[in-house]
Amino acid sequence: MRDVAIIGVGQTKFGQLWDKSLTNLAVEAGVKACLDANIDQKDVEVIYGGTMSGGLFVNQEHIASLLSDFSGFKNIPSIRVEAACASGGLALRQAYIDIASGLHDIAVVGGVEKMTDIGGHSVTKALATAASQEWEAFFGATFPGLYAMIAKLHMHKYKTTEEQLAMCAVKNHKNALNNPFAQFHKKIQVEDVLNSTMVADPLKLFDCSPVSDGAAAVVLASKQKAKELCDAPVWISGSGHATDALSLHDREDITTLKATVEAAKQAYVQAKIGPKDIGCVEVHDCFTIAEICAIEDLGFCKKGEGGRFTEQGNTEIGGRIPVNTSGGLKAKGHPVGATGVAQTIEAVLQLRGEANGRNTNAEIAMMHNIGGSGGTAVVHIFRR
Ligand code: COA
């Protein structure tokens with residue numbers, strides 16, 4: 001396998017962007033990434049685009065062709081990748097495999113979602129298509145509801161508290177204050193989270209990621225091209241991908257996301273490192289409990305200790321392992337198909353020392369992207 005580098009990044013602001021279409025967003029991110037990589041349209045050989053549900057959110061499918069058409073890369077191969085909220089992370093992995101195998105030398109990886117054109121009820125229904133229709137959605141389960149069950153069991157088994165969950169949201173809102181692309185620039189306190197509207201007991205409004213529009217893109221290159229084009233490439237040193245039962249009831253223990261454990265194992269083995277070597281990580285905090293499970297399943301603390309580990313400040317910038325320096329899904333926003341690519345961009349900015357106001361001086365960074373309640377997990381490790 002050949003070495004693969006990230007040589008350019010670009011993202012739109014995340015939020016309720018009613019003046020921009022799905023294509024506007026995708027093209028803006030893609031053009032920014034190509035400019036950052038200092039490449040022309042003619043240099044791009046292939047596109048991988050992650051998006052969850054153009055059909056349900058904006059009545060648009062056949063996204064692969066749409067992306068190459070509107071970004072001006074007509075006639076090159078373009079592949080749409082779908083794995084619910086892990087679509088962006090999986091698009092990165094597919095492009096990595098493509099370039100590592102020697103098929104192409106330069107790829108643009110994009111992630112995009114336009115979720116706010118339809119009402120809240122329709123969004124919840126569209127997102128629930130990523131859960132099992134037969135066993136979960138049919139009975140009225142939604143993603144806040146499914147993650148609430150995980151939270152309840154975690155609290156019961158490990159004495160995790162609502163305050164500890166809230167601390168993830170408080171930290172991520174604080175980090176987002178320094179991210180100009182974040183949806184929310186609003187400092188909150190633990191009491192704000194605890195007093196916010198109940199969504200699905202014990203998860204309240206501020207325990208949830210929001211509904212968002214946005215896009216993100218990165219340019220991947222083979223070692224030879226990266227050295228020609230870029231002074232400071234960021235290398236993909238580990239890539240992992242695993243799946244698990246789609247429904248919670250089919251899992252051994254719903255407080256462990258086995259897909260995360262397996263994907264992380266693959267990435268650590270490939271990168272020849274362990275959790276102690278990671279300098280910062282973007283984890284999939286679609287709900288605060290998801291951040292707690294992720295830091296345990298990725299090996300930063302023992303199973304059951306995620307709440308206390310967070311309370312002790314270990315996941316703050318300056319702590320043992322800074323988590324979600326971008327603001328995470330909670331405060332940066334969660335346009336589902338774009339999330340995995342945006343997490344990758346934060347890792348790249350951290351390694352380049354360009355995460356202004358939130359730099360960690362990390363030498364090695366990680367991203368962790370989940371589809372649904374853990375049916376898919378993608379983990380990547382990056383180094384300078
Ligand atoms: N965090 C913080 N503030 C939020 C928020 C969130 N998650 N969601 C909405 N808000 C704010 C809005 O900005 C708005 O503030 P304003 O009145 O100052 O403008 C207010 O809350 C009401 O917004 P609204 O859009 O009416 O909220 P809602 O009740 O329709 O939606 C949720 C709230 C939690 C249900 C929705 O954000 C949601 O479904 N989140 C989960 C998304 C999800 O499941 N993703 C996939 C994960 S696997």
Side-chain angles (χ1 to χ4, degrees), residues 14-18 51-53 56-57 82-89 111 113-132 136-137 141-151 165-166 168-174 176-177 182-189 192-214 244 246-248 257 259-260 283-291 293-294 324 327-340 342-343 368-378:
F14 284 5
Q16 294 190 356
L17 309 174
W18 289 324
T51 186
M52 177 186 158
S53 193
L56 293 174
F57 291 126
E82 188 277 310
C85 308
S87 300
E113 214 76 60
K114 176 85 183 121
M115 301 170 73
T116 69
D117 282 3
I118 54 175
H121 175 72
S122 305
V123 171
T124 301
K125 214 172 153 194
L127 287 169
T129 61
S132 163
E136 294 174 326
T142 60
F143 276 105
L146 293 170
Y147 276 93
M149 287 195 259
I150 297 176
L165 296 179
C168 298
V170 171
K171 166 184 65 68
N172 292 346
H173 271 260
K174 186 167 98 185
L177 291 172
Q183 181 159 352
F184 297 123
H185 291 119
K186 182 183 165 87
K187 198 170 177 181
I188 56 168
Q189 308 294 342
D192 298 319
V193 183
L194 298 179
N195 294 329
S196 62
T197 311
M198 185 62 79
V199 175
D201 185 24
L203 303 178
K204 301 156 206 81
L205 180 70
F206 282 112
D207 286 296
C208 304
S209 60
V211 171
S212 320
D213 305 325
D244 197 0
L246 194 59
S247 308
L248 291 187
L257 277 70
T260 295
V283 308
H284 195 96
D285 61 320
C286 48
F287 300 95
T288 47
I289 183 61
E291 177 165 318
C293 292
N324 286 332
L329 283 53
K330 171 68 209 74
K332 180 186 61 197
H334 185 27
V336 286
T339 282
Q343 292 175 316
H368 159 256
N369 192 195
I370 285 286
S373 62
T376 298
V378 181

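The basis for the numbers below is simple: all heavy atoms, side chains too, and nothing from hydrogens, waters or symmetry mates. One-based numbering, in listed order, for ligands and for the atoms of each.
- Nearest protein heavy-atom neighbour of atom 35 (C) of ligand 1: Val199 CG1, 4.5 Å.
- For the pair Ala259 and Thr376, the tightest heavy-atom approach, listed with the atom from each and the gap, is CB-C, 4.2 Å.
- If you check which protein heavy atom lies closest to atom 25 (O) of ligand 1, you get Gln16 NE2, 4.5 Å.
- Contact detail for Ala84 and Gly371: the closest heavy-atom pair is CB-CA, 4.2 Å.
- Residue Phe287 has at least one heavy-atom neighbour below 4.0 Å for each of these atoms of ligand 1: 44 (O), 47 (C).
- Checked by distance only, ligand 1 and His334 stay at 3.5 Å or farther apart across all their nitrogen or oxygen atoms.
- When atom types are taken as modelled, the side chain of Asp285 and the backbone of Lys330 share a donor-acceptor pair closer than 3.5 angstrom.
- At a 4.0 Å cut-off, not a single heavy atom of Gly120 sits close enough to ligand 1 to count as contact.
- No donor-acceptor pair under 3.5 Å is formed between the side chain of Gln189 and the backbone N or O of Val170.
- Atom 15 (O) of ligand 1 is not flagged as protein-proximal [any protein heavy atom, distance under 4.0 Å].
- Counting only heavy atoms, the protein gets under 4.0 Å from atom 37 (O) of ligand 1.
- Among all heavy-atom pairs drawn from Val199 and Leu205, the shortest one is CG2-N, 3.6 Å.
- Short contacts between ligand 1 and Lys330, defined as distances under 4.0 Å to a heavy atom of the residue, involve ligand atoms 1 (N), 2 (C), 6 (C).
- When hydrogens are left out, the protein atom nearest atom 4 (C) of ligand 1 is Phe184 CZ, 3.7 Å; that is the closest non-hydrogen contact.
- For atom 47 (C) of ligand 1, the closest non-hydrogen atom on the protein side is Cys286 CB, 3.6 Å.
- Every atom of ligand 1 is numbered from 1 in the order shown, and the set under 4.0 Å from a heavy atom of Leu127 is 42 (C), 43 (C), 44 (O), 45 (N), 46 (C).
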Practice problem: Would you sort out whether His284 and Thr339 count as a side-chain hydrogen bond (donor to acceptor under 3.5 Å, both in side chains), showing the intermediate values? | Solution: CA-CA 9 Å; His284 195 96; Thr339 282; 6.0 Å; no
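- Among protein heavy atoms, the minimum distance from atom 41 (C) of ligand 1 is reached at Ser209 O, 3.2 Å.
- Heavy atoms of Lys186 stay at 4.0 angstrom or farther from ligand 1.
- No N or O atom of Tyr147 sits closer than 3.5 Å to an N or O atom of ligand 1.
- The closest donor-acceptor contact from the side chain of Asp213 to the backbone of Pro335 lies at 3.5 Å or more, if one exists at all.
- Given atom 7 (N) of ligand 1, the protein heavy atom at minimum distance is Cys208 O, 2.8 Å.
- Scanning all heavy atoms of the two residues, the minimum distance from Asp207 to Pro202 falls at OD2-O, 3.8 Å.
- Among all non-hydrogen protein atoms, the one lying nearest atom 39 (O) of ligand 1 is Val211 CG2, 4.1 Å.
- Considering every non-hydrogen atom in both Val211 and Gln183, the closest pair reads O-NE2, 3.3 Å.
- Remark: side-chain polar atoms of Glu136 are paired, donor with acceptor, to backbone N or O of Leu248 under 3.5 angstrom.
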Quiz item: How far apart are the C-alpha atoms of Lys186 and His173, what are their side-chain angles, what is the distance that settles it, and do they pass the side-chain hydrogen bond (donor to acceptor under 3.5 Å, both in side chains) test?
Solution: CA-CA 6 Å; Lys186 182 183 165 87; His173 271 260; over 6 Å; no
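- The presence of a protein heavy atom under 4.0 Å from atom 12 (C) of ligand 1 is ruled out.
- Glu291 has a carboxylate O that lies under 4.0 Å from a charged side-chain N of Lys171, or vice versa, which qualifies the two as a salt bridge.
- Per-atom contact check: atom 20 (C) of ligand 1 does not touch the protein, criterion being a heavy-atom distance below 4.0 Å.
- Atom 31 (O) of ligand 1 lies below 4.0 Å from none of the non-hydrogen atoms of the protein.
- Residue contacts with ligand 1 for Pro210 involve both N, CA, C or O and side-chain atoms from C-beta outward (heavy atoms, distance under 4.0 Å).
- In this structure, Ala137 and Ala128 approach most closely via the heavy-atom pair CB-O, 4.0 Å.
- Heavy atoms from both the backbone and the side chain of Leu205 come within less than 4.0 Å of ligand 1.
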